[in-house]
Amino acid sequence: MYILCNRPHGTLYIGVTSNLPKRIWQHRSKTVRGFTAKYNVTRLIWFELFETMDLAIEREKQLKGRPRKAKVALIEDGNPVWRDLFEEICG
C-alpha cells in the first residue's frame with residue numbers, strides 16, 4: 001500500500017501493488033493514464049508492506065475512508081518533510 005503526492009501538502013493518491021518499485025516507476029514515467037498522470041502525482045511519500053494483497057487492500061480502503069487531515073498526520077508522523085522515498089525502495 002502506498003501514498004503518492006505531487007508536492008508537499010499537495011494532491012494525494014493511495015494505491016496498492018504487489019511490486020512497489022515497478023508501480024512507482026509506472027506513475028513517474030506516466031505510462032499509466034489517469035489521475036496520477038493528469039495531476040503529476042509521482043512522489044512516493046508513504047508505504048506499508050503486507051503479507052497478503054487482501055490485507056493491503058483492506059488498509060487502502062481504511063485510509064481512503066479517513067479524512068485528509070488523518071492522512072496528512074500519518075505521512076508527517078513517519079515522513080515529516082514529505083521526502084520522496086522512491087530512491088530508498090530502489091536502492
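In this chain, residues are counted from 1 in sequence order. In this text the structure is predicted, and so the values were computed from the model without any measurement.
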Flag the pair [X] / [Y] as yes when at least one side-chain heavy-atom distance between them is below 4.5 Å, and no otherwise.
| X | Y | result |
| --- | --- | --- |
| Thr11 | Phe35 | yes |
| Asn6 | Tyr13 | no |
| His27 | Val41 | no |

Any pair with a residue in [range] that passes salt bridge (charged side-chain N to carboxylate O under 4.0 Å, His left out), sequence neighbours left out, goes on the list, sorted by first then second residue, please.
| range | answer |
| --- | --- |
| residues 14-38 | Arg28-Asp84 |
| residues 3-14 | none |
| residues 63-81 | Glu60-Lys64 |
| residues 46-59 | Glu48-Arg59 |

Starting at [atom1] of [X], measure out to [atom2] of [Y] and round the result to the nearest 0.5 Å.
| X | Y | atom1 | atom2 | answer |
| --- | --- | --- | --- | --- |
| Leu49 | Met1 | CG | CE | 9.5 Å |
| Tyr39 | Leu12 | OH | CG | 13.5 Å |
| Leu85 | Asn79 | CG | CG | 5.0 Å |
| Leu44 | Glu87 | CG | CD | 10.5 Å |
| Ile75 | Ile3 | CD1 | CD1 | 4.5 Å |

### Query
For the residue pair Ile45 and Cys5, what are the closest heavy atoms and their distance?
CG2-SG, 3.6 Å
### Query
For Thr42, what residues pass the side chain to side chain donor-acceptor pair (under 3.5 Å) criterion, not counting sequence neighbours?
none
#### Entry: Where at least one partner belongs to residues 45-91, residue pairs that pass ring-ring contact (aromatic ring centres under 6.0 Å, His included), sequence neighbours excluded
His9-Trp82
### Query
Hey, quick one: are Ile14 and Val72 part of the same hydrophobic cluster, counting side-chain heavy atoms closer than 4.5 Å, chains of contacts allowed?
yes
### Query
Any link between Leu4 and Trp25 through a network of hydrophobic side chains (Ile, Leu, Val, Met, Phe, Trp, Tyr) touching at under 4.5 Å?
yes
